[in-house]
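Quick notes on the structure that follows.
Worth saying up front: this structure is predicted, and the values here are computed from it rather than measured. Along the sequence shown, residues are numbered consecutively beginning with 1. Reckoned from all heavy atoms, side chains included, excluding hydrogens, waters and symmetry mates.
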Amino acid sequence: MARKKIGLYNEETINGSTHQLVVEIADEAFVCMAKSDLTGEIDAFELFSLDKSEQDDWNDIFYEIKTGSSIFNNNYKKVTCYFNTEEAIMVPEKLLTATSAEDYLNLIYGESVRHEVKYEKLIATKVFINAYRVRKAITELLGRQFIIFQTAHTYSNLLNDVMRRPFIDQQFIKLQFYSNHFILAVWKDERFQLIQSYRYNTPEDVLYYLLRIVQQYQFDLSDVLLEISGMIEVETSLMLQLSKIFPRIEMDNMQTSGIFKMAESEYPLHYFTPFYKLSL
């Protein structure tokens, strides 16, 4: 079942001749954004919560999104679909062959005939290829919905955003929160170390994974920079506990622009940052 949790719209008419569509698909959420070709701003934003039961499949999900969305059904000249899935690995380019990425994915996540493997070179570095896999049912449904669409992975967007910065702290951890999971990325001595998704139910789950990373990479808690963005409120027990453990915390706040100005009074600035950066 797909339920629209957030719908933000301005008075601009959304159509495929003046806008492009950016979609992000995760196990628990589906995001649609209409970006103006003229201004570069987001003119409409929708977030659907996916409460899938054993009886639901992606055909049902797409039908409910098409029924409930005000922007998904337009004929766009450009469509970009991001996959926010955990089944992804960073493969050194020199180790990538026609079959190696699929072998690595099968080794880590198990073999699957229901998935297809995709590859993506990180713009910010020539060292790694992002190899990930997506359910064939999803790409088939996207192919029926759109004549042409581009695919990408949320990990690549996050890594490119950080690695294009002129400076990265010696000990740096990036946390990007969603409703039921978070993405954790790690740099040490300005070198990329890890990116992975973790599901969580309680604040203790997040703290466990973070402290395990701190121990594994022998980080100095007084020196490590923890950057946070996404669907987390500042006034929560989790943020309170994080502030007690990590003296250096920064929120990755986006500049209020486009449709997100409407939500500024209801949501903190960092709430939409991961989605907004998909459109840049």
Problem set entry | Contact check, side chains of I249 and I228, non-hydrogen atoms, under 4.5 Å |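 In contact.
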Problem set entry | Beyond-backbone contact of D169 with W187, side-chain heavy atoms, under 4.5 angstrom |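 In short, these two side chains do not touch, never coming nearer than 4.5 Å.
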Set of side chain to side chain donor-acceptor pair (under 3.5 Å) partners for [X], sequence neighbours left out:
{"X": "K136", "answer": "none"}
{"X": "E264", "answer": "none"}
{"X": "T139", "answer": "E116"}
{"X": "D37", "answer": "Q20"}

Exercise. Are the aromatic ring centres of F192 and F128 under 6.0 angstrom apart?
Worked result: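 Yes; F128 has its ring centre under 6.0 Å from that of F192.
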Starting from [X] and following side-chain heavy-atom contacts under 4.5 Å between hydrophobic residues (I, L, V, M, F, W, Y), which residues can be reached?
{"X": "L95", "answer": "I89, V91, L96, Y104, L105, I108, Y109, V117, Y119, I129"}
{"X": "I148", "answer": "I147"}
{"X": "Y63", "answer": "none"}

Side chain [X], main chain [Y], donor-acceptor under 3.5 Å:
{"X": "D51", "Y": "M1", "value": "no"}
{"X": "N130", "Y": "M90", "value": "no"}
{"X": "N160", "Y": "N157", "value": "no"}
{"X": "E64", "Y": "A2", "value": "yes"}
{"X": "K277", "Y": "D161", "value": "no"}
{"X": "E46", "Y": "S70", "value": "yes"}
{"X": "T273", "Y": "D252", "value": "yes"}

Pairing residues for [X] by the side chain to side chain contact (heavy atoms under 4.5 Å, CB included) criterion, not counting sequence neighbours:
{"X": "N180", "answer": "E28, R199"}
{"X": "S17", "answer": "N15"}
{"X": "R191", "answer": "Q193"}

For this session: Applying salt bridge (Lys or Arg N to Asp or Glu O under 4.0 Å), name anything that partners E87, two or more places apart in sequence or on another chain.
Result: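 Residues passing salt bridge (Lys or Arg N to Asp or Glu O under 4.0 Å) with E87: R133.
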For this session: Would you mind listing every ring pair (Phe, Tyr, Trp, His ring centres under 6.0 Å) that reaches into residues 141-160, with sequence neighbours excluded?
Result: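 Output for this query lists F72-F146, Y132-H153, H153-Y155.
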Exercise. What orientation do F62 and W58 show, parallel under 30°, tilted 30 to 60°, or perpendicular over 60°?
Worked result: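 Geometry flag for W58 against F62: perpendicular rings.
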Problem set entry | Parallel, tilted or perpendicular: rings of F177 and F182 (30°, 60°) |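 Because their plane-to-plane angle lies in the 30° to 60° range, the rings of F182 and F177 count as tilted.
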